[in-house]
Amino acid sequence: MPPTIPQIEADQGCTDQDLSTFDFDAIGGEDELRFTKCRIAGNRIKGDALMGSHWENCLFLNCTFAMTDLRDAQFENCDFYNSTEVKGSLFQHCDLTRAVFKNCDLTLTTFKGCEAYDIAFTDCHMRGANFETSVFTLSAGRRRLTSARFTDCRLTDALLNRLDLSSCKFTDCDMVGIALNGTRLVNAVIKDCALISPELSQADLSGADLSGSRLDGVNLTQLRAYAAMVVSASQQHHVLQSLGIEVSPD
């Protein structure tokens, strides 16, 4: 039997429980909840009670987070991927402001229409992850601040099309085949990454710092703009070849 609402509220979470039929929307109170080694399958997780929640070593199978308040939530060593059905979880119109994902399997997970300012991913498997219409920007008066951090993540074939990722940071990431079509990457930092054969149609990399990154297959003719973009000297021949320029040694 899953724990009751009063038990969750009294214990401020639970450990080693099957929460597949649990109604998270019914939780009251303002305590930050902690869930450890829990299993959740086929559940629609929603509501405001999970703000600041902590999840460790939890398994989510075919789960949908629907308009869930996950501000400041932390997920560590969690698995959101159903390898049997080759299907990821869905975050739909959630508030993921300042959320942290560390060492999680987010393969084929979709983040659709989420508020994701200052979200952070570290050491995560994110092959084929889709950030459809998600927003990484916070409005502060007349200012618009954009922030997201991807560190040591596998973003192979991930879909980040038509997003504003200005000033966002990618470090030590596998970005082979990543789709960044129409994406704004002004002043973004993409350091020590494998940005190999990306889709960059109409992307704006003005002022982007790509130093230390492998750029095999980067085609400057696809870009909307790239003024002041920085690349490593060892990679210049890749980007110049796309313009028909051959680089010869001195």
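- Leu195 CG to Asp174 CG: the interatomic distance, rounded to the nearest 0.5 Å, is 10.5 Å.
- In summary, the aromatic rings of Phe80 and Phe75 are positioned with their centroids under 6.0 Å apart.
- With no hydrogens or angles considered, a side-chain donor-acceptor pair links Arg184 and Ser166 at under 3.5 Å.
- Legend: salt bridge (charged side-chain N to carboxylate O under 4.0 Å, His left out) pairs involving residues 145-154, not counting sequence neighbours, sorted by first then second residue: Asp118-Arg149, Asp123-Arg154, Asp152-Arg154.
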**OP:** Applying side-chain contact (heavy atoms from CB on, under 4.5 Å), run through Arg34 and Asp11 and close with a yes or a no.
**Re:** CA-CA 9 Å; Arg34 182 178 293 273; Asp11 296 339; over 6 Å; no
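- Leu243 contributes atom CG, which lies 7.0 Å from atom OG1 of Thr221 (distance to the nearest 0.5 angstrom).
- Taking both residues in full, the closest heavy atoms of Met51 and Glu32 are given as O-CG, 4.3 Å, listed atom of the first, atom of the second, then distance.
- If you chain together hydrophobic residues whose side chains sit under 4.5 Å apart, Val186 and Val239 never meet in one group.
- Using a distance-only test at 3.5 Å, with no hydrogens or angles considered, no donor-acceptor pair links the side chain of Thr171 to the main chain of Thr151.
- Glu76 and Asn103 form no side-chain donor-acceptor contact under 3.5 Å, judged by distance and modelled atom types alone.
- Residues Leu200 and Met229 share a hydrophobic cluster, clusters being chains of Ile/Leu/Val/Met/Phe/Trp/Tyr side chains in contact below 4.5 Å.
- Of the options Ile178, Leu180, Thr110, Asn130, a side-chain contact (heavy atoms from CB on, under 4.5 Å) to Leu159 is made by Asn130 and by none of the others.
- Going from atom CD1 of Ile119 over to atom OG of Ser147 covers 10.5 Å, rounded to the nearest 0.5 Å.
- Thr64 places none of its side-chain heavy atoms less than 4.5 Å from the side chain of Ile45.
- Within the 3.5 Å criterion, the main-chain N or O of Cys114 finds a donor-acceptor partner in the side chain of Ser134.
- When hydrophobic clusters are built by joining Ile, Leu, Val, Met, Phe, Trp and Tyr residues whose side-chain heavy atoms come closer than 4.5 Å, directly or via intermediates, Ile40 is grouped together with Ile5.
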Original post:
Are Met126 and Phe131 close enough, and set up right, to give a side-chain contact (heavy atoms from CB on, under 4.5 Å), and what steps lead you there?
Top reply: CA-CA 11 Å; Met126 305 180 72; Phe131 287 84; 3.6 Å; yes
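- The side-chain heavy atoms of Val86 and Leu108, taken from C-beta on, include a pair separated by under 4.5 Å.
- In the hydrophobic clustering of ILVMFWY residues, with side-chain heavy atoms under 4.5 Å counting as a link, Val135 and Leu145 come out apart.
- Ionic pairing of Lys37 and Asp16 is not present here: no N-O contact between side-chain nitrogen and carboxylate oxygen is shorter than 4.0 angstrom.
- Looking at heavy atoms from C-beta onward, Trp55 lies in side-chain contact with Ser53 at the 4.5 angstrom threshold.
- Remark: side-chain polar atoms of Asn82 are not paired, donor with acceptor, to backbone N or O of Gly88 under 3.5 angstrom.
- With values rounded to the nearest 0.5 angstrom, Cys78 atom SG is found 7.0 Å from Asn57 atom CG.
- In this structure, Gln241 contributes its side chain and His238 its backbone to no donor-acceptor pair below 3.5 Å.
- The CG atom of Asn187 sits 11.5 Å away from atom NZ of Lys169, with the distance rounded to the nearest 0.5 Å.
- Tracing side-chain contacts under 4.5 Å through hydrophobic residues (I, L, V, M, F, W, Y), one reaches Leu215 starting from Leu220; they form part of the same cluster.
- Side-chain polar atoms of Thr146 and Thr137 form a donor-acceptor pair below 3.5 angstrom.
- The two residues Arg214 and Gln235 come nearest to each other via the heavy atoms CA-OE1, 3.4 Å.
- For the ring-ring contact (aromatic ring centres under 6.0 Å, His included) condition, no pair includes a residue of residues 212-233, sequence neighbours left out.
- A 4.5 Å side-chain heavy-atom check between Val218 and Pro198 finds at least one atom pair inside the cut-off.
- Looking at Leu240 and His237, their side chains never come closer than 4.5 Å, going by heavy atoms from C-beta outward.
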Subject >> salt bridge (charged side-chain N to carboxylate O under 4.0 Å, His left out) between Asp72 and Arg98, worked out >> reply: CA-CA 5 Å; Asp72 299 300; Arg98 296 181 301 276; 2.7 Å; yes
Subject >> Stepwise side-chain contact (heavy atoms from CB on, under 4.5 Å) check, Leu165 with Leu160 >> reply: CA-CA 9 Å; Leu165 294 172; Leu160 290 89; 3.7 Å; yes
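- The shortest heavy-atom contact between Ser211 and Lys191 is OG-CE, 3.2 Å.
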**OP:** Check step by step if side-chain contact (heavy atoms from CB on, under 4.5 Å) holds for Leu33 and His54.
**Re:** CA-CA 6 Å; Leu33 304 177; His54 292 241; over 6 Å; no
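- Lys112 has its side chain within reach of Glu132: a pair of non-hydrogen atoms, C-beta onward, lies under 4.5 Å apart.
- Considering every non-hydrogen atom in both Arg39 and Leu61, the closest pair reads NH2-CD1, 3.7 Å.
- Smallest separation of non-hydrogen atoms from Pro3 and Ile8: CG-CD1, 3.8 Å.
- You'll find the side chain of Leu155 reaches within 4.5 Å of the side chain of Cys173, heavy atoms only.
- Below 30°, between 30° and 60°, or above 60°: for Phe111 and Phe91 the angle between ring planes is below 30°, a parallel geometry.
- When every heavy atom of Cys63 is checked against every heavy atom of Gly42, the shortest pair comes out as SG-N, 4.1 Å.
- A distance-only check finds a donor-acceptor pair linking the side chain of Asn161 to the backbone of Asn181 [under 3.5 Å].
- Judged purely by atom type and a 3.5 angstrom limit, Asp95 uses its side chain to pair as donor or acceptor with the backbone of Thr97.
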**OP:** In sequence, state the C-alpha distance, the side-chain angles, and the governing distance for Phe136 and Tyr117, and then conclude on ring pair (Phe, Tyr, Trp, His ring centres under 6.0 Å).
**Re:** CA-CA 4 Å; Phe136 301 87; Tyr117 174 75; 9.5 Å; no
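- Judged by distance alone, the side chain of Ser213 and the main-chain N or O of Ala194 form no donor-acceptor pair under 3.5 Å.
- With Phe60 as the fixed residue, the ring pair (Phe, Tyr, Trp, His ring centres under 6.0 Å) test singles out one of Phe65, Phe35, Tyr81: Phe65.
- The shortest side-chain heavy-atom distance between Leu210 and Leu205 falls under the 4.5 Å cut-off.
- With rounding to the nearest 0.5 Å, the separation of CZ in Arg44 from CG in Leu90 is 8.0 Å.
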